[in-house]
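Notes for the one structure printed next.
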Amino acid sequence: MQRYSAYSDIQVRGSILQTFSSGLGSSWRLINRFMLAEDLGTMGPHGLIEFDPMGWYPLPGHLRVLDRIRKDFGDVAVRQLAATIPRFVASLSSSRDIRSLFRDVDKAFHLSHGKNGEPMYCEQTGRMTEGIGHYGVETPADQKQILCEGTAPYPCVFDEGLLLSLAQIHEPTATLAHLTPEICRALGSPGCTYSVTWS
Ligand SMILES: [Zn+2]
């Protein structure tokens, strides 16, 4: 299993991990155990893992938990987990339309990750800290299509679930296709390109 040592100084917000424990369904008990084994969260009084929503938790452990979920429960479980995130990220669900939402994804992504305990995006200055890749977005105004290139360390299937779920906030008919599937992070490529379309 990959160790993700390149991300040893990167953290993820507790609020993001909290959404995971809400989206786990019937396998939550086992996945809680994976998370605790990676020092993510603490055991709460009802046997459910708890996170400090504003706290920072190590990204490598989070990525290893996702790998474990993928191995034990399949791609569909990782997609489902990622799809629960938009419901809990207020800045994204309050966006005006699908294009403005996608233009904000990379900022929200950097805001929910930290380097040495500092958010990787500063809303006041607009400064972004490098180190976790990007969600690069093209939003042609005359087409019902968005192209998104994902170079984050998350699994490709995670981004597929996340981006489709984000698209469907404003466009319930949205579908997502992985362009040039042979160029994919799951096959060792640095990024994946997705096309989101709607009617
Ligand atoms: Zn891919």
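Counting starts at 1 for both ligands and their atoms, in listed order. Numbers for residues simply follow the sequence, beginning at 1.
The number of heavy-atom neighbours closer than 6.0 Å to CD of E182, taken from other residues, nucleotides and ligands shown, is above 12.
When only modelled atom types and interatomic distance are considered, S95 and S100 share no side-chain donor-acceptor pair under 3.5 Å. With hydrogens and angles left out, the side-chain atoms of D106 and H134 include a donor and acceptor closer than 3.5 Å.
Listing protein N, O or S atoms at distances below 2.8 Å from the Zn ion (ligand 1), with waters left out, gives C156 SG, H178 NE2, C184 SG, C192 SG.
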D72 vs R68, test: salt bridge (Lys or Arg N to Asp or Glu O under 4.0 Å). Steps then yes/no. CA-CA 6 Å; D72 289 12; R68 187 76 196 271; 3.5 Å; yes

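The aromatic rings of Y57 and F51 stand perpendicular to each other, their planes meeting at an angle above 60°, with 30° marking the opposite boundary.
Aromatic ring centres of Y154 and H113 lie closer together than 6.0 Å.
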